[in-house]
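The chains referred to below are lettered A, B, ... by the order of the sequence lines, with proteins before strands, and numbering in each begins at 1.
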Number of protein chains: 2
Amino acid sequence: MRVVLAEDQGMVRGALSVLLGIEPDIEVVASASDGEEAFRAVGKHRPDVLVTDIEMPRLTGLELAVKVRELYPETRVLMLTTFARPGYLRRALEAGAHGYLLKDRPSTELADAVRRISRGQRVVDSDLAAEAWGAEADPLSDREREILRRAGEGESTAEVARGLRLSEGTVRNYLSEAISKMGAHNRIEAARLARTKGWL
Amino acid sequence: MRVVLAEDQGMVRGALSVLLGIEPDIEVVASASDGEEAFRAVGKHRPDVLVTDIEMPRLTGLELAVKVRELYPETRVLMLTTFARPGYLRRALEAGAHGYLLKDRPSTELADAVRRISRGQRVVDSDLAAEAWGAEADPLSDREREILRRAGEGESTAEVARGLRLSEGTVRNYLSEAISKMGAHNRIEAARLARTKGWL
DNA sequence: GTGTCATCATGACAAGTGTCATACTTGCTG
DNA sequence: CAGCAAGTATGACACTTGTCATGATGACAC
């Protein structure tokens with residue numbers, strides 16, 4: 001079974017590679033430290049499974065999953081991430097991931113998950129799946145999300161407006177809408193809430 | 001060489017354990033998922049080296065290092081962490097750590113770092129050390145730090161004032177001072193900057 | 001093709017935020 | 001003891017942010 005591994009932290013990448021490599025039926029044919037590199041590696045090696053982190057430089061795991069599904073649908077994707085956020089799980093599955101495994105889980109589950117996925121089964125953390133089922137859907141529009149994200153990083157209304165070529169008034173309108181949708185009292189709280197739900 | 005490993009994410013803990021275990025001269029005698037458990041494991045096994053994460057439940061790596069230095073000074077401590085924050089490095093060394101290694105580094109460096117530390121050498125990421133050396137000390141007073149922390153979580157001026165029994169004007173004064181010290185343009189940016197430096 | 005929704009805009013007002021000058025108290029420290 | 005830093009407070013001002021009403025446009029779905 002041939003695997004490509006994408007994970008930005010060198011130490012973790014190396015360790016996971018060894019962990020998978022000791023399984024007799026699994027071979028790690030390439031590992032990548034960012035999404036772009038991972039995409040090229042998938043194109044070159046056409047692996048059975050891509051194991052990828054979500055938060056990576058240049059191309060996130062979610063964006064990577066979309067591109068892989070489009071160009072190399074025979075490669076199945078396993079998201080391996082720190083974040084137990086229902087919104088992430090939902091987006092991962094929408095992006096075409098076949099599995100979603102938390103880094104919290106025992107390391108013994110990884111090889112097993114890879115095997116199940118390569119057989120065409122879905123692998124989803126059961127606690128998280130239950131939570132995601134009851135969880136509200138992301139109410140934010142793309143624009144609202146992008147603007148809230150920038151504001152949450154400390155950009156002022158004027159900076160966001162310049163960055164997106166919008167008028168300041170428009171930016172304030174979107175933020176007002178986002179704050180109200182999140183049930184928050186200001187942009188900071190709204191961004192923080194959205195982050196914990198996995199919507200940013 | 002006997003090692004205890006403390007790391008809260010199961011997947012990473014298992015993988016690092018395998019990574020270290022394949023070295024012929026290194027034996028992982030115990031691994032722990034939180035600080036308390038790690039402390040008990042050190043007491044029981046008296047390892048040459050404790051490899052520990054910083055951000056862990058119940059007892060952080062920094063607190064753990066202090067306790068280990070007091071009770072089991074023959075065990076040397078290697079901090080293994082995600083965060084390249086000068087403030088963290090400084091605090092880790094003050095807490096008695098003998099090394100500070102980033103999870104960003106290649107996995108090949110881990111075994112090497114463990115060996116050097118067990119020989120009594122210090123291991124500090126050189127980029128980070130340089131940065132920490134040139135880095136300013138935290139300019140924030142306790143009050144400023146506390147107020148900036150709360151504001152950064154989304155509390156409004158009024159909420160912070162209520163929470164700390166201060167007048168709103170005073171809170172605004174502290175925030176103004178903190179923003180200016182951080183060279184930021186607003187409270188959000190100031191909090192974000194302070195966080196990346198390890199001051200919050 | 002008629003609604004519905006996302007996007008973008010303006011203007012006006014209210015509320016919140018950031019800055020500055022000024023001043024009093026308290027606890028160190030030389 | 002004098003000086004200094006930290007903490008606290010007020011008032012005033014400018015600027016930013018949040019809210020609301022209103023309207024134009026284009027895309028998509030039924």
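Here salt bridge (Lys or Arg N to Asp or Glu O under 4.0 Å) pairs that include residues 66-82 of chain B, with residues two or more places apart or in two chains, are Arg46(B)-Glu74(B). Pairs passing the salt bridge (Lys or Arg N to Asp or Glu O under 4.0 Å) check and including a residue from residues 171-183 of chain B, sequence neighbours excluded, read Glu144(B)-Lys181(B).
Between the Asp48(A) side chain and the Arg2(A) main chain, a donor and an acceptor come within less than 3.5 Å of each other. Side chain of Thr75(B) to main chain of Pro47(B): a donor-acceptor pair is present (N/O by atom type, distance under 3.5 Å, no hydrogens or angles). In this structure, the side chain of Glu23(A) does not engage the main chain of Asp25(A) through any donor-acceptor pair within 3.5 Å.
Proximity of residues 153-160 of chain A to DNA chain D (heavy atom under 4.0 angstrom from any strand atom) is restricted to Ser156(A), Thr157(A). Shown for residues 178-190 of chain B: no residue has heavy atoms falling under 4.0 angstrom of DNA chain D.
With respect to the salt-bridge test (charged N to carboxylate O, under 4.0 angstrom), the residues Arg13(A) and Asp53(A) do not qualify. In summary, Arg149(A) and Glu146(A) engage in a salt bridge, as defined by a charged side-chain N under 4.0 Å from a carboxylate O.
Nucleic acid contact for Ser176(A): base, since at least one base atom lies under 4.0 Å from a heavy atom of the residue. In this structure, Thr170(B) reaches the bases: a heavy-atom distance under 4.0 Å links it to at least one base atom across the strands shown.
Atom OH of Tyr174(B) is separated from atom C1' of dA5(D) by 11 Å (rounded to the nearest Å). When rounded to the nearest whole Å, the span between CZ of Arg143(A) and P of dA27(D) equals 15 Å. For Glu168(B) and dG11(D), the CD to P distance is 13 Å, given to the nearest whole Å. If you take CG of Leu164(B) and P of dA9(D), they are 10 Å apart, rounded to a whole angstrom. Rounded to whole angstrom, the span from the CG atom of Asn173(B) across to the P atom of dA12(D) amounts to 15 Å. One atom, CD of Glu146(B), and another, C1' of dA6(D), lie 16 Å apart when rounded to the nearest Å.
Distance CZ/Arg187(B) to CE/Met182(B): 15.0 Å, rounded to 0.5 Å.
Leu62(B) has its side chain out of reach of Glu94(B): every pair of non-hydrogen atoms, C-beta onward, lies at least 4.5 Å apart. Between Leu102(B) and Thr82(B) there is no side-chain heavy-atom pair separated by less than 4.5 Å.
Across all non-hydrogen atoms, the minimal contact from Ala111(A) to Leu20(A) is CA-CD2, 4.1 Å.
The aromatic rings of Tyr88(A) and Phe83(A) sit perpendicular, their planes meeting at an angle over 60°, well past the 30° parallel limit.
Taking 3.5 Å as the limit, the base of dG18(D) and the side chain of Arg172(A) contain a donor-acceptor pair of atoms between them.
Note that the first and last nucleotides of DNA chain C, 5' to 3', having any atom under 4.0 angstrom from a heavy atom of chain B are dT17(C) to dC20(C).
Between the axis at the start and the axis at the end of the helix from dG1(C)-dC30(D) to dG30(C)-dC1(D) there is an angle of 40°, using five pairs per end and rounding to 10 degrees.
The only option from Val68(A), Leu78(A), Val3(A) that meets the side-chain contact (heavy atoms from CB on, under 4.5 Å) definition with Leu50(A) turns out to be Val68(A).
Surrounding CZ of Arg115(B) are more than 12 heavy atoms belonging to other residues, nucleotides or ligands, all under 6.0 Å away.
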